[in-house]
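Taking it in order: structure first as structure tokens, then the write-up.
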Amino acid sequence: MTHVQLPDGSVKPYPVGTTPLTIAESIGPRLAKACLAAEVDGVIVDLQRPLPAAPPERPLQLKLLTERDPQALGVMRHSAAHVMARAVMRLYPGVGLAFGPTLAHGFYYDFDLADRIREEDFAKIEAEMARIIADAEPFERFELPRDEAMAFCADLNQALKVEHVQTGLADHPTLSFYRQGEFADLCRGPHIPDAGRIKAFKLLSVAGSHWKGNASGKPLQRLYGTAWFSAKDLAAYLAQMEESKRRDHRVLGKQHGLFHISHDVGPGLCLWLPKGATIRGILEDFIKAELLKRGYQPVYTPHIGRVEMYETSGHFPYYRDSQFAPLFGHPAGAFVDRWITQLETGELTPENERKYFEFADLLECRVPEYQLAAPREARLTALKAWQGQQERYLLKPMNCPHHVQIYKSQPRSYRDLPVRLAEFGTVYRHEQSGELNGMLRVRGLTQDDAHQFCTPEQVEEEFRQTVQLVQFVLGSLGLNEYRVQLSLRDPQSDKYVGSEENWQRAEQSLRHVLGELQLAFEERAGEAAFYGPKADFMVRDCIGREWQLGTVQLDYNLPERFQLEYIGADNRPHRPVMIHRAPFGSMERFVGVLIEHFAGAFPLWIAPEQARILPISEKMQDYAVRVEGQFRDAGFRVRSDLRPEKVGYKIREAQLELIPYMLVVGQREAEEGTVSVRDRIEGDLGSMPVAEALTRLTVEVKDRRIRQTAPPAEPVAPVEDALGEAHEY
RNA sequence: GCUAGCGUAGCUCAACGGUAGAGCUCCGGUUUUGUAAACCGGAGGUUGUGGGUUCGAUUCCCACCGCUAGCUCCA
């Protein structure tokens, strides 16, 4: 017998091998019909999956999943991926199947296919899918031992699946498959009972991908789709995608003159236009004031630094590929650099080496110690010695080494700690061209950076305060929904530096403080920086999209590498701990996210132009200018629209420019000393004395009030990790 | 960087082998205006760059630059 406990708490016995479906039927036919899958002890399974034995004192926890459960949505989408693959196989015979997992809002399937799938082809694939769904054939699970499974995949001509059974699933003695009509696929499942349960779906896009996500792996075509339990849900999702498009910061940034990326300056290099710069300046002032209150000290550091310093920090060797090339003082600098690299990797043939040697002379790079007959190590030493004597600078990819030098510039006592050095530091990173995206991913960015140097005992308190700062900062901008990701190292990987002990200590501290602050956080292995673990703030915007913004990182490593010290109470030198943190992340990215979050309609305290004075006719110009002066004197960013246009035209324009307040002034206002206030959200608020309007706006700024122009519809919720590692097979 | 698609006036788009067009913006004029668009006129282009095919290229081909989506990456 097995014992099953339902969500209402009741425990009932059933014969072993009973399926969730049978149980559902025993409860009621309507439920049985509505069920899509079941959750047994937290694991989602097929309705037809026999239940294992369980004693009455530890019954199986069974939850029957219907359309109301988000997990069921994930299961259905995975089935939709199978349906799509089946349709593609019918239309493109010989297609190879890779993986087809679910996503937060849909699914994809990777295909190995010589023909190019284009968006024009979607209609016919969707039509084929619709046929398959109309047939409503069941998904049937079956299992095979490894050898048979491999032979089965080979028979189906699915080479990638065979490879995956051999490699990724090497430790699985038996493998499961799902069959649906003529279509069978290696798959962990689970699936919905039959394809007829897919009520609304749509193919979204096609793009390239690689086998097993490896950039050098076999190129595949990835077909993206989404599926829902009702046409209404699908429509809501598509509407949200439209909304994302409407909020695109690149479009709004251009429209409202916030920033510009010029072909002539270079890709990924952001030009802040006056309005964008105003927004950034306000945010910077806001942070600076906050840092002052919290004991930070401002510093400024140069945009370049010696390569050797970044070799010490580890950034240069680790991130070489995504940095701008070093600036060499000697014309042969880059040449010698390549020479060294080739010598080190053994790529250099004796003949080429002779050429290098001759060419070096032409470039007036004289290395007398370099002997072609000498051992390789000696030749390398000679070249490196030459290189060491030359000027070699790096555009700074990180601020930390510079701040470390400031820490080191004087002896430090434990009484001085924590030392908190803050700088809006601009850094340059040569991001891959395909990664660039408006302000969200750029090659030159300014971090609202700071480095805190503290004693090991102070780490937790310092970390706590820093997390609270990030919370305060995000909250001030109306970004109140976020989750914290605790990014830890991948114990398998060798990309991390530093001792095991320090890593454990650092990870433990972060975990402890986050727990204490009662912050919901999830741990992610393999996401840490190479020098330490970090807490990343994943912020949800008003239409439900997540952005990684602020970050707080713990670092026991750089202090080690740079031999940082402070004198302790025992009068002996000790090693401090560093915290790297940036509440916004980068100004570029943060402002980009804010543009999308507010759809360009910034709250009054941030808006580049807070109010515009609109005289009814040219006769009221003098009064308009006088009012403008009064607002400007009170610290507002205002201007007057003195063009000889009708007021309706001026209002329309100001409204489209998302100016928070319009102050209409005509004959009446001029006589009474009032302004007619128009709010961009509420519309006409009527006339009021200038002083009253000033107070109104002043309060709104002081409270940093956030009023959305158009409160967006309830975001379509993502299905989180519905099937975990389902794509593994 | 990879795969695919795309680069036409300041912006949004049309023309797709045969003299490059519209709306908005901009400029000039008329109108002196009361809460989302007054009217008239004008200017604006080496069709991303460089080659090639052709009598003729914005259109077809190649290379480069850039943009977009996705992949990979993100200190």
Side-chain angles (χ1 to χ4, degrees), chain A residues 108 110 116-119 204-224 248 250-251 254-255 257 260-264 266-268 310 313-316 318-323 396-401 427 429-438 440-443 445 447 449 487 495 497 527-532 534 536 548 551 553 555 557-558 580 582 585-586 589 614-621 643-657 662-669 676-680 682-687:
Chain A
Y108 68 79
D110 281 343
R116 196 101 281 140
I117 299 179
R118 294 162 181 277
E119 299 214 1
L204 298 176
S205 61
V206 58
S209 66
H210 299 97
W211 173 237
K212 297 202 169 176
N214 186 340
S216 53
K218 192 173 181 40
L220 304 168
Q221 295 184 66
R222 177 170 297 179
L223 213 44
Y224 284 90
D248 190 321
R250 292 166 301 194
V251 176
K254 187 184 270 185
Q255 214 171 68
H260 177 59
I261 293 177
S262 155
H263 180 276
D264 293 337
Y310 296 101
S313 73
H315 291 108
F316 182 68
Y318 192 84
Y319 289 107
R320 174 123 208 205
D321 292 344
S322 49
Q323 282 165 1
K396 76 173 164 185
M398 280 295 278
N399 298 303
C400 24
V427 299
R429 299 170 182 179
H430 192 91
E431 304 287 2
Q432 300 180 59
S433 58
E435 297 308 333
L436 302 176
N437 177 279
L440 299 180
R441 195 78 186 272
V442 288
R443 286 185 172 161
L445 55 133
Q447 299 175 312
D449 211 357
S487 301
K495 76 170 200 177
V497 298
E527 299 282 319
F530 74 91
Y531 50 73
K534 51 183 184 158
D536 294 319
Q548 188 184 326
T551 177
Q553 315 179 351
D555 183 0
N557 264 298
L558 285 187
H580 310 233
S586 84
R589 187 177 164 79
L614 309 177
I616 300 272
S617 83
E618 282 178 285
K619 291 173 193 149
M620 260 60 73
Q621 281 194 2
R643 294 172 305 171
E645 295 287 349
K646 289 192 158 191
V647 75
Y649 181 85
K650 294 181 187 177
I651 285 172
R652 177 181 154 80
E653 210 155 81
Q655 195 78 46
L656 290 175
E657 286 180 50
M662 288 147 269
L663 308 172
V664 178
V665 293
Q667 188 71 41
R668 210 163 52 233
E669 285 78 10
S676 174
V677 179
R678 185 186 164 95
D679 177 82
R680 76 173 162 204
E682 314 270 333
D684 192 358
L685 300 178
S687 286

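Not measured: the values here are computed from a predicted model. To find a chain, count down the sequence lines: A is the first, B the second, and so on, and within it residues start at 1.
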Would you mind pulling out the nucleotide paired to [N], Watson-Crick or G-U wobble, both distances under 3.5 Å?
N: B:rC6; answer: B:rG66
N: B:rA36; answer: none
N: B:rU12; answer: B:rA22

[X] side chain near [N] phosphate (N/O to OP1/OP2, under 4.0 Å):
X: A:Ser322; N: B:rC74; value: no
X: A:Asn399; N: B:rA75; value: no
X: A:Arg250; N: B:rA69; value: yes
X: A:Lys396; N: B:rA75; value: no
X: A:Tyr108; N: B:rA69; value: no
X: A:Tyr649; N: B:rU25; value: yes

Please report, rounded to the nearest Å, how far the [atom2] atom of [N] is from the [atom1] atom of [X].
X: A:Gln255; N: B:rU12; atom1: CD; atom2: P; answer: 9 Å
X: A:Leu440; N: B:rC74; atom1: CG; atom2: P; answer: 18 Å
X: A:Asp248; N: B:rU68; atom1: CG; atom2: P; answer: 9 Å

Heavy atoms from C-beta onward define the side chain here; which of [options] lies closest to that of [X]?
X: A:His263; options: B:rC65, B:rA75, B:rG1; result: B:rC65
X: A:Pro267; options: B:rG66, B:rG70, B:rG34; result: B:rG66
X: A:Gln553; options: B:rA75, B:rC11, B:rG70; result: B:rA75
X: A:Arg652; options: B:rU32, B:rC65, B:rA36; result: B:rA36
X: A:Glu618; options: B:rC71, B:rU33, B:rU12; result: B:rU33
X: A:Gln667; options: B:rG34, B:rA36, B:rA38; result: B:rG34
X: A:Gln655; options: B:rG70, B:rA36, B:rC26; result: B:rA36
X: A:Pro397; options: B:rA38, B:rC71, B:rA75; result: B:rA75
X: A:Pro644; options: B:rG34, B:rU33, B:rG70; result: B:rU33
X: A:Arg429; options: B:rA75, B:rA36, B:rU33; result: B:rA75

Taking [X] for the side chain and [Y] for the main chain, is one N or O donor matched with an acceptor at less than 3.5 Å?
X: A:Glu431; Y: A:Arg441; result: no
X: A:Glu669; Y: A:Gly666; result: yes
X: A:Arg222; Y: A:Asp110; result: no
X: A:Arg429; Y: A:Pro397; result: yes
X: A:Asn399; Y: A:Gln447; result: no

- [ ] List the atom of A:Leu614, the atom of A:Lys650, and the distance in Å for their closest heavy-atom pair.
- [x] CD2-CB, 3.9 Å
Open item on the list: So which atom in A:Pro615 and which in A:Gln621 form the shortest heavy-atom distance, rounded to 0.1 Å?
Closed with: CB-N, 4.5 Å
Would you mind classifying the nucleic acid contact of [X] as base, sugar-phosphate or nothing, using non-hydrogen atoms under 4.0 angstrom?
X: A:Gln323; result: base
X: A:Lys254; result: sugar-phosphate
X: A:Arg678; result: base

With [atom1] as the reference atom in both, quote the distance from [N] to [M] in angstrom, rounded to an integer.
N: B:rA20; M: B:rC62; atom1: P; value: 26 Å
N: B:rU19; M: B:rC73; atom1: C1'; value: 50 Å
N: B:rC2; M: B:rU49; atom1: P; value: 24 Å
N: B:rG28; M: B:rU47; atom1: C1'; value: 29 Å
N: B:rU54; M: B:rU59; atom1: C1'; value: 13 Å
N: B:rU25; M: B:rA69; atom1: C1'; value: 30 Å
N: B:rG42; M: B:rU32; atom1: P; value: 24 Å
N: B:rC24; M: B:rG34; atom1: C1'; value: 25 Å

- [ ] Take A:Ile616 and A:Val206, find for each the nucleotide of RNA chain B with the closest heavy atom, and name the residue whose nucleotide sits nearer the 5' end.
- [x]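 Checking each residue's closest nucleotide, the 5'-ward one belongs to A:Ile616.
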Open item on the list: Closest-nucleotide mapping onto RNA chain B: is A:Val647 or A:Gly438 further toward the 5' terminus? I mean the 5' end.
Closed with: A:Val647
Look at the side chain of [X] against the base of [N] and say whether a donor-acceptor pair falls under 3.5 Å; ignore hydrogens and angles.
X: A:Arg441; N: B:rC73; value: yes
X: A:Ser313; N: B:rA75; value: no
X: A:Glu669; N: B:rG34; value: yes

Open item on the list: Side chains of A:Gln548 and A:Arg589 only: does a donor on one sit below 3.5 Å from an acceptor on the other?
Closed with: no
Task: Ring-on-base stacking B:rA75 with A:Tyr318 (under 5.5 Å, under 30°) - done: no
